[in-house]
Amino acid sequence: MYALIDGNNFFASCERVGNPGLVGKPVIVLSNNDGNAIARSNEAKAIGIKMGDPLFKIKDIVKQHDVKVYSSNYGLYGDMSNRMLDIIRMQIPYVEPYSIDEAFGMMHGISKQYEICVQLRHNIYKWIGIPTSIGLAPTKSLAKVANKIAKKFPERTGSVYAIDSEEKRIKALKWTEIDDVWGIGRAYANKLKSKGIFTAYDFVTKVSGDWVKKNMTIVGYRLQLDLQGISTLFFEDIQDKQNIACTRSFERNIQDKKYLEERICTFSANVAEKLRGQKTHCSMIYVFLNTNRFRPDLPSYNPGVYFATDYPTNSTFEITRAALKGLSSIFREGFDYKKAGIIVSGITPESSYQLSFFGSEKPKDQDAMKAIDLLNKKYGRHKIAFGGQDITRIMKMRQHNVSRNFAGNWNELIEL
DNA sequence: TCTGGGGTCCTAGGACCC
DNA sequence: TCTGGGGTCCTAGGACCC
């Protein structure tokens with residue numbers, strides 16, 4: 001059996017932990033630049049705010065219902081997420097974090113699984129104030145379904161639901177609309193609906209495995225089996241990321257190459273730091289630029305380019321150098337750029353460093369990077385920055401209402 | 001006026017190898 | 001008239017997730 005533990009309206013719930021006065025009121029949390037609603041309390045959902053709604057389009061509802069609006073505070077959410085995982089690990093030894101607000105627990109070999117889940121939910125709420133829903137089922141995709149039922153019927157299920165019999169599995173699949181199945185997005189849902197498939201039950205009974213393989217690749221076929229109770233999506237041990245990205249939209253349109261260079265330097269420093277944090281190197285760097293995709297009236301230009309590094313590296317100097325070279329090769333005058341970013345890949349562990357035929361004996365700049373990371377850790381992030389970065393941070397994000405990171409920073413404790 | 005960021009996996013096709 | 005078989009790697013693009 002797998003358990004799926006999922007924080008309800010996670011970001012909004014995190015905000016409530018630090019400000020209990022928000023309980024019962026509509027709360028939303030915005031994306032970077034205060035762009036879109038990316039988390040909503042139940043009350044905010046009830047008055048019609050949709051996932052991803054741009055703030056400027058829901059201004060009236062916000063005003064009318066006195067919706068509490070927060071900028072995103074990832075320091076806080078990351079901290080709460082780690083606390084939640086810690087509590088889960090106290091009761092379930094094998095845990096696979098799936099996203100910032102949810103995790104799979106492997107229940108094989110654990111007795112009284114349902115009772116454990118009930119206890120776990122209680123503990124998480126009592127100790128860190130985050131309400132959760134828990135689904136329990138023989139496969140991962142069924143645990144997702146069970147979780148949805150727990151979330152939809154909190155009174156009847158106590159927010160914990162187990163699919164532990166064939167009758168329950170069938171009932172649950174019949175209840176689940178095809179769009180709500182984990183792994184079936186808009187494109188596949190439309191394709192399936194046009195074939196008369198409207199529920200998860202239809203998907204496992206009315207359409208052949210061959211058709212699914214042909215039209216939804218092997219991924220869809222695995223999902224079909226998994227929903228039948230044959231486990232095809234397995235527990236995965238935590239591993240290093242395969243891509244690391246840093247991308248941002250700009251608050252305004254940018255034509256100036258100098259500004260883009262500054263952004264690229266900052267992004268490079270950021271991903272290099274993440275690489276070092278997980279003790280890996282990268283060997284490929286992708287740089288891209290985007291014009292505003294919401295302005296079809298303006299000329300559009302969305303170039304991107306890959307650059308291989310000479311050897312695996314996590315040096316900010318090396319990555320910045322390659323990224324700037326990439327930028328120069330794609331930049332063209334006369335466009336209004338709205339977004340830029342870099343993605344590094346070809347990630348290998350530091351421990352298996354591949355020597356270059358002609359190059360230096362060991363990875364470059366190791367000592368300098370180590371010193372910088374240490375100083376930044378000791379004296380605060382960005383204490384040491386790189387020449388290409390804008391240390392005055394004039395390109396700062398628009399963020400009107402950021403809460404305190406009351407759980408992760410001594411200086412931001414709540415004062416009563 | 002204002003529209004996020006960071007990930008995963010799979011497939012097809014081209015270029016290459018012996 | 002006739003033109004093998006078995007591979008790898010890379011890239012672009014599409015689908016999905018939170």
Side-chain angles (χ1 to χ4, degrees), chain A residues 4 6-11 28-40 50-60 62 69 71-74 77-78 81 96-104 140-141 144 147-148 178-192 212-223 232-234 236 238-253 267 270-271 274 278 283-284 286 288 290-296 298 302-308 336 338-347 397-400:
Chain A
L4 177 64
D6 185 322
N8 299 344
N9 316 326
F10 189 67
F11 297 170
I28 61 174
V29 176
L30 302 174
S31 60
N32 280 347
N33 281 324
D34 289 348
N36 315 59
I38 52 167
R40 305 106 74 218
K50 300 268 180 308
M51 183 68 176
D53 276 350
L55 181 60
F56 71 89
K57 283 192 183 167
I58 51 171
K59 274 233 151 67
D60 293 342
V62 166
V69 180
S71 306
S72 37
N73 182 345
Y74 289 102
Y77 312 146
S81 173
E96 179 195 331
Y98 179 68
S99 73
I100 194 161
D101 70 334
E102 67 190 284
F104 286 102
K140 278 186 167 182
S141 61
K144 273 275 187 187
N147 184 281
K148 199 148 269 175
I178 196 67
D179 324 59
D180 292 337
V181 176
W182 183 44
I184 295 185
R186 244 220 311 260
Y188 287 157
N190 288 339
K191 200 183 264 191
L192 287 164
V212 173
K213 250 189 258 182
K214 201 170 155 229
N215 290 279
M216 301 171 64
T217 80
I218 189 75
V219 181
Y221 181 58
R222 285 202 283 254
L223 174 64
T232 56
L233 311 172
F234 297 107
E236 284 165 41
I238 318 140
Q239 37 188 277
D240 291 327
K241 300 235 188 307
Q242 304 185 21
N243 293 302
I244 293 177
C246 184
T247 70
R248 291 288 179 279
S249 298
F250 310 135
E251 199 176 338
R252 55 190 172 86
N253 293 333
F267 300 164
N270 190 323
V271 295
K274 286 189 198 166
Q278 60 169 38
S283 57
M284 200 96 82
Y286 181 72
F288 70 86
N290 288 169
T291 48
N292 192 336
R293 66 193 168 105
F294 296 101
R295 293 290 299 272
L298 295 178
N302 302 295
V305 65
Y306 283 98
F307 259 83
D336 287 331
K338 188 69 169 92
K339 181 176 179 173
I342 78 175
I343 303 172
V344 298
S345 56
I347 291 172
M397 280 190 295
R398 181 169 40 209
Q399 282 201 312
H400 286 308

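Naming convention: chains lettered A, B, ... in sequence-line order (proteins, then strands); numbering from 1 in each chain.
Using a 4.0 Å heavy-atom distance criterion, Ile343(A) is classed as making no nucleic acid contact. Using a 4.0 Å heavy-atom distance criterion, Phe10(A) is classed as making no nucleic acid contact.
Comparing dT3(B), dG5(B), dC18(C) against the side chain of Asn36(A) picks out dT3(B) as the nearest. Of the candidates dT8(B), dG6(B), dC18(C), dG6(B) carries the atom nearest the Thr247(A) side chain, counting heavy atoms from C-beta on.
When the P atom of dC2(B) is taken as reference, atom CG of Leu55(A) falls 13 Å away, rounded to whole Å. Here dG5(B) presents its P atom at 10 Å from CG of Asn290(A), a figure rounded to the nearest Å. Going from atom NZ of Lys144(A) over to atom C1' of dC18(C) covers 8 Å, rounded to whole Å. Atom P of nucleotide dG4(B) and atom CG of Asp53(A) are separated by 12 Å, given to the nearest angstrom. In this structure, Ile218(A) atom CD1 and dG14(C) atom C1' are separated by 17 Å, rounded to whole Å. We find that CG of Leu233(A) is positioned 16 Å from P of dC16(C), with the value rounded to whole Å. Atom CG of Asn243(A) is separated from atom C1' of dC10(B) by 14 Å (rounded to the nearest Å).
The side chain of Arg222(A) places no N or O atom within less than 4.0 Å of a non-bridging phosphate oxygen (OP1 or OP2) of dC9(B). Considering only side-chain N and O atoms, Arg248(A) lies under 4.0 angstrom from the phosphate OP1 or OP2 of dG6(B).
Across dC17(C) and dG4(B), the matching C1' atoms stand 15 Å from one another, rounded to whole Å.
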